[in-house]
Amino acid sequence: MRMSRLFFETLREVPAAADTPSHQLLLRAGLVHQVAAGIFEFLPLGLRAKRKIEAILRQEMERIDGQEVQMPVVHPAELWQRSGRWYAIGPDMARLKDRNDRDLCLGMTHEEPVTDLAASMVRSYRDLPFMVYQIQTKFRDEPRPRAGLIRVREFTMKDGYSFHRDFADLDAYYPRVYEAYYRMFRRCGLEVVAVASDTGMMGGTMAHEFMALSPIGEDTLLLCDACGYKANRQIALFRKPQLQADPPAALEEVHTPRCASIEDLAAFLSVSPEKIVKAVFMVGKLAVEGDDQQAQERLIVACLRGDMELNETKLANALKCRGLRPAHDSEIRAAGIEPGFGSPVGMKAGAAIVIADDLVPAMSNFVCGANKADYHLRNANYQREFAAAVVADIAAAAEGHACHACGQPLRSVRGIEVGNIFKLGTKYSAAMGAAYLDEKGASHPIVMGCYGAGSDRVLASVIEEHHDEAGIQWPVSVAPYELVLVSLVSPGKEEEKLVEDVYQKLAAAGVEVLYDDRNERAGVKFNDADLLGFPLRLTAGPKGLKTGTLELKIRRTGEVRPVPIDQVVEAARQALDEEWALLKGMLDQPFPPM
RNA sequence: CGGGGCGUAGCUCAGCUUGGCUAGAGCGCUGCGUUCGGGACGCAGAGGUCGCUAGUUCAAAUCUAGUCGCCCCGACCA
C-alpha cells in the first residue's frame with residue numbers, strides 16, 4: 001500500500017475528548033473515528049488490526065472444533081420473551097418495532113438465537129457435542145460509554161456456544177476453551193490472567209473472566225502471589241481474622257456529635273474501626289418464592305466490621321435479590337433508623353432484612369449506631385443487642401487481606417475484561433426447549449457453555465499495553481502492516497526507482513509493507529511511523545542509497561541496523577521472525593491452572 | 001439516573017467575569033518559492049450560522065432560560 005493513497009490522518013495534538021492512552025492513540029493514529037458516544041467507525045489501519053485479532057480468534061476457535069456461523073443483529077422479541085430476558089433486562093437493551101408493529105431488539109448477546117437454533121436442529125444425543133461461534137456486532141445501550149473502545153455501545157464480539165449432553169461433557173470441554181483463550185490473547189501480545197468470576201444473572205455454575213491487567217481497567221482483581229488464587233473483587237474470598245471474645249460489658253450510650261462516618265467516629269472515640277460495626281443500607285428486590293415477577297423491594301441493613309466495605313455482589317447473591325441500590329434517607333427513617341447513626345439495634349421490627357457479615361458475630365463489645373442523632377452505643381454485642389436474619393460473607397476483599405486459601409496477603413490490581421467463559425448449564429435450553437433424546441428415548445435439556453471475547457476491546461487493550469511516548473508499538477501479530485518503507489528521496493528523483501524496486505520486492509516476498517512515498521519531510525514521516533507503530537521501519541535515504549544501504553529500525557527496541565539494498569527481504573524476514581519469536585515465547589509459557 | 005466539566009475554524013485553544021466596532025492565535029489545509037535524515041522557512045490565500053432555540057437589550061460568542069451533544073466521577077454492566 002502506498003501511503004500517499006492511504007485513507008488516514010494522524011493528529012499531532014491529543015484530542016480533548018480522549019483521556020486514556022489507547023483512546024488517544026486510536027484517534028491520533030487515525031485508526032478509528034467516533035460517531036457518537038460509544039459508537040465508532042473503523043478506518044483502514046484500525047480495521048486491519050482488528051481483522052488480524054479476529055483471525056487469531058477464529059483460528060483458536062477452530063482449534064477447539066468451533067464452527068463459524070453468523071446470527072442476526074436484529075432479533076424478534078419472541079426469542080427473548082421465551083428466555084424471560086425480554087422482561088428481566090432494562091434499558092440496556094435497544095428495542096424497536098418493525099413496520100407491522102412487531103417488537104424487535106438489537107442483540108446484546110446471542111444465547112437466545114443460538115439456543116433456538118440448537119432447539120430446531122438437535123434431536124439426538126448423536127448430534128452432540130458441538131460448538132458454534134461467530135464474530136458479530138452487538139449493541140448494548142450502556143449508561144456510560146467510556147475510554148474509547150474499552151466501554152462502548154456498539155461493539156464486535158466473538159461469541160461461542162457449546163452444546164453437550166451432560167455436565168460431565170461440558171466439564172471436559174471447558175478446560176480446552178480456557179486454554180484456547182489464554183492462547184488467543186497471548187497471540188495478540190496481551191498478557192492476561194483468568195480470574196474466577198460471578199455468574200450473575202446469566203445463571204450457570206463456573207465462570208472465568210480473562211483480564212488484561214491495566215490501571216485503566218474497570219474491574220478490580222485480587223491475586224494471591226503465594227498460591228495463585230485469582231478472583232474478581234465481586235466474588236473474591238478472603239480469610240477473616242480470628243477474634244477472641246471478650247466478656248460482654250455493659251451497654252453504654254455515648255454522645256458522638258457529628259460523627260456520621262466511621263473515620264470521624266473512630267477518631268472521636270479513639271477506637272479502631274475494627275471495634276465498630278457499621279450498617280450499610282440498601283434497597284433490593286427480593287424474589288418471592290416461585291414468582292420472579294412479584295419481586296418486592298425491601299430495605300436491607302447490612303452489618304460489617306467498620307474497616308470493611310460491603311461487596312454488593314456477595315450481598316445480592318446471599319439474599320438472592322436484584323436491583324440493589326443505596327437506600328434513601330426517608331426509607332431508612334421509615335424503619336426507625338437514624339441515617340449516620342444507624343444500626344439494627346432498636347429498629348422497627350420486620351421493617352428491614354438484617355444481614356451480617358460472618359465476622360460480626362465474632363466481635364464483642366463493639367460500637368454501633370444508637371439510632372438517635374449524634375449518639376452511638378458502646379459495648380454492643382451480637383445476639384444481646386441484635387441478631388441478623390442472615391449471616392454470610394458480604395465483605396469485599398481488599399489489598400492486604402489474607403488469601404482464603406493460603407493466608408498470604410492478597411494483591412489488588414485493575415483489569416480490562418477482554419473475554420469470559422461460562423458454564424451456562426441448562427438455563428437457556430430448558431427455557432427455550434432445546435432438548436435431545438438419549439439412548440433410552442428420554443428427553444433432556446442440552447447443557448451449554450458460552451464464551452465471549454471482544455475484538456475491539458482486545459485492540460484497545462493491546463494499545464494500552466504496547467505503547468510509548470511516541471506512539472503505538474504493535475505486536476507483529478496484530479500490526480496493520482508489518483513494515484513501513486520510508487522513502488526520503490524526493491519524488492521524481494532518479495533514486496526513487498530504487499526505493500520503488502525495494503517496495504515491489506518486499507511485497508512480492510509476502511511482507512505486509514506500507515510504502516511511505518509521500519512528499520513529506522523526514523521528521524514528519526518518522527514521527528508518523530513511530531505513532532502508527534509498525535514493528536519495522538525501513539528507511540531509504542539519498543545518502544544511504546549512494547552506497548546501496550538502507551536502515552532497518554525496530555520499533556519496539558529502537559535498535560537500528562544497516563541493510564544492503566540487495567538483502568532487504570532477508571533482513572526484514574529475519575527481524576520479523578524475531579518479533580514473532582517474542583510472541584511464541586509468551587505462548588509457550590505454561591497457563592495458570594483453572 | 002446523581003455529581004462535575006466542556007461545546008468558538010479540520011485539531012488544540014484564547015476571547016465570555018465587566019455585552020459594543022472587520023471574532024483571534026498556534027497547528028493543519030491551498031498556491032508559489034526556498035529547503036529536505038526527526039513534525040522547516042518566506043510570501044499569498046481559503047476556512048467560523050461562536051451547538052441549537054427562545055428571551056433580555058439600541059446591541060449577545062459574551063447575560064437569562066430551555067434544549068441537544070460530548071467528556072469525567074459515581075450508580076449500572078446479562
Side-chain angles (χ1 to χ4, degrees), chain A residues 9-20 23-24 27-28 30 33-39 80 83-93 105 107-112 138-148 150-153 155 157 159 197-204 207 209 216 218-219 232 234 282-283 312-313 316 322-328 417 420 422 424 427-428 450 452 454 457 469-471 486-491 493 495 516 518-531 537-546 549-551 553 558 560:
Chain A
E9 69 173 348
T10 50
L11 305 178
R12 191 185 297 202
E13 292 181 274
V14 180
D19 266 8
T20 53
H23 191 189
Q24 293 176 354
L27 296 171
R28 286 189 55 214
H33 180 253
Q34 181 165 346
V35 186
I39 302 181
W80 292 72
S83 74
R85 286 159 109 190
W86 178 263
Y87 312 103
I89 296 174
D92 276 17
M93 180 152 78
C105 66
M108 314 173 54
T109 171
H110 284 75
E111 280 80 19
E112 278 79 0
K138 318 277 183 199
F139 188 87
R140 294 179 190 174
D141 196 358
E142 291 284 348
R144 184 154 94 81
R146 75 186 96 174
I150 300 294
R151 188 162 200 80
V152 291
R153 294 148 86 200
F155 60 102
M157 190 160 109
D159 49 327
S197 70
D198 183 41
T199 52
M201 296 300 288
M202 286 280 280
E209 289 167 340
I216 69 147
E218 299 186 294
D219 288 89
N232 193 311
Q234 292 181 326
M282 306 291 293
V283 170
E312 293 185 22
T313 304
R322 64 160 200 259
L324 265 186
R325 60 169 174 85
H328 303 301
E417 183 188 349
N420 60 70
F422 220 112
L424 271 184
K427 179 180 159 108
Y428 295 93
C450 74
R457 223 183 236 195
E469 284 300 302
V486 175
S487 170
L488 299 183
V489 176
S490 303
K493 286 264 174 66
E495 300 99 310
D516 192 349
R518 295 175 301 167
N519 185 17
E520 287 287 355
R521 319 194 98 235
V524 172
K525 295 188 173 199
F526 289 156
N527 279 309
D528 276 348
D530 288 346
L531 175 58
R537 184 185 87 194
L538 190 59
T539 307
K543 286 177 214 153
L545 286 173
K546 283 202 179 74
T549 310
L550 284 73
E551 175 192 280
K553 184 168 182 183
V560 173

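Side chains included, hydrogens not; waters and symmetry mates left out as well; all remaining heavy atoms used. Just so it is clear, the structure is predicted and the values come from calculations on it, not from any experiment. Labels below follow one simple rule: chain letters A, B, ... track the order of the sequence lines, proteins then strands, and each chain is numbered from 1.
Residue-to-nucleotide contacts include a donor-acceptor pair under 3.5 Å from the side chain of A/E13 to the base of B/G26. Side-chain atoms of A/K553 come within donor-acceptor range of the base of B/G38, with a qualifying N/O pair under 3.5 Å. Judged by atom type and distance alone, A/R537 does not reach the base of B/G37 through any side-chain donor-acceptor pair under 3.5 Å. Looking at A/E551, its side chain comes within 3.5 Å of the base of B/G37 through a donor and an acceptor atom.
Pairing for B/G74 is with B/C1, a Watson-Crick or G-U wobble pair whose two hydrogen-bonding atom distances lie under 3.5 Å. Base-pair partner of B/G24: B/C13 (Watson-Crick or G-U wobble, both distances under 3.5 Å). Remark: B/U64 base-pairs with B/A54; criterion is Watson-Crick or G-U wobble with both hydrogen-bond distances under 3.5 Å. Pairing partner, B/G38: none, since no Watson-Crick or wobble contact has both distances short of 3.5 Å. Summarising the base pairing, B/G45 is matched to B/C29 through a Watson-Crick or G-U wobble pair whose two defining distances lie under 3.5 Å.
A/N527 has its CG atom 15 Å from the C1' atom of B/G28, to the nearest Å. Separating the NZ atom of A/K543 from the P atom of B/C36 is a distance of 10 Å, rounded to the nearest angstrom. We find that CZ of A/R12 is positioned 16 Å from P of B/C11, with the value rounded to whole Å. If you measure from atom CD of A/E520 to atom P of B/C41, you get 14 Å, rounded to the nearest angstrom. In this structure, A/Q24 atom CD and B/U12 atom C1' are separated by 13 Å, rounded to whole Å. Atom C1' of nucleotide B/C76 and atom CE of A/M282 are separated by 12 Å, given to the nearest angstrom. Between A/L11 atom CG and B/G39 atom P there is a gap of 19 Å when expressed in whole angstrom units. Nucleotide B/C76 holds its C1' atom 15 Å from the CZ atom of A/R153, rounded to whole Å.
Rounded to a whole angstrom, the distance from the C1' atom of B/U30 to that of B/G2 is 49 Å. Look at the C1' atom in both B/A23 and B/A14: the space between them is 11 Å, to the nearest Å. Rounded to whole Å, the P atom of B/C52 lies 15 Å from the corresponding atom of B/C11. Comparing B/C71 with B/G55, their C1' atoms sit 29 Å apart, to the nearest whole Å. The separation of B/G33 from B/U53, taken at their C1' atoms, amounts to 50 Å, rounded to a whole angstrom. Comparing the C1' positions of B/C16 and B/G45 gives a spacing of 30 Å, expressed to the nearest Å. With P as the reference atom, B/G31 and B/A46 are 15 Å apart, rounded to whole Å. Across the P atoms, B/U62 and B/A54 are found 14 Å apart, a figure rounded to whole Å.
Within 4.0 Å of A/R144, counting heavy atoms only, lies at least one base atom of the nucleic acid. No contact: A/Q234 has no heavy atom under 4.0 Å from any strand. Residue contacts for A/A147: at a heavy-atom cut-off of 4.0 Å it reaches the sugar-phosphate backbone alone, with no base atom in range. Counting any heavy atom pair closer than 4.0 Å across all strands shown, A/P326 reaches no nucleic acid atom. Looking at heavy-atom distances under 4.0 Å, A/P91 makes no contact with the nucleic acid at all. Here A/V14 lies in heavy-atom contact (under 4.0 Å) with sugar-phosphate atoms only. Contacts of A/I39 with the nucleic acid, taken as non-hydrogen atoms under 4.0 Å apart, are absent. Using a 4.0 Å heavy-atom criterion, one finds that A/A18 contacts no nucleic acid atom at all.
Out of B/G39, B/U12, B/G37, the shortest distance to the side chain of A/P15 is found at B/U12. Looking at the side chain of A/A16, the nearest of the listed nucleotides B/U12, B/C73, B/G38 is B/U12. Picking from B/C70, B/G38, B/C72 the nucleotide with the shortest atom distance to the side chain of A/A37 gives B/C70. For A/L488, counting side-chain heavy atoms from C-beta on, the closest listed nucleotide (B/G37, B/C71, B/C76) is B/G37. Closest to the A/A522 side chain, of the nucleotides B/G39, B/C71, B/G37, is B/G37.
Residue A/G38 comes nearest to A/V152 through the heavy atom pair O-CB, 3.4 Å, listed as atom of the first residue, atom of the second, then distance. The minimum heavy-atom distance between A/R28 and A/P15, with the atom names listed, is CG-CD, 3.8 Å. When all heavy atoms are compared, the tightest approach of A/G558 to A/K553 is O-CE, 3.8 Å. Nearest heavy atoms, A/P542 versus A/E495: CB-OE2, 4.2 Å. Taking both residues in full, the closest heavy atoms of A/E520 and A/K525 are given as O-CE, 3.7 Å, listed atom of the first, atom of the second, then distance.
Residue-to-nucleotide proximity on RNA chain B shows that, of A/G541 and A/H23, the 5′-proximal contact is made by A/G541. Comparing A/D92 and A/T539, the nucleotide of RNA chain B nearest to each residue sits closer to the 5' end for A/T539.
Close to B/A40, at under 4.0 Å from its OP1 or OP2, lies a side-chain N or O of A/R521. The shortest distance between the side-chain N/O atoms of A/R146 and the OP1/OP2 oxygens of B/C71 is not below 4.0 Å.
Residues A/K427 and A/E111 are not paired through a salt bridge, judged by the lack of any N-O separation under 4.0 Å between the basic side chain and the carboxylate.
The CZ atom of A/R140 sits 6.0 Å away from atom OG1 of A/T109, with the distance rounded to the nearest 0.5 Å.
Cation-pi geometry between A/R457 and A/F155 is not met: the NZ or CZ atom fails to fall both under 6.0 Å from the ring centre and inside 45° of the normal.
In this structure a side-chain-to-backbone donor-acceptor pair under 3.5 Å is missing from A/E551 to A/A540.
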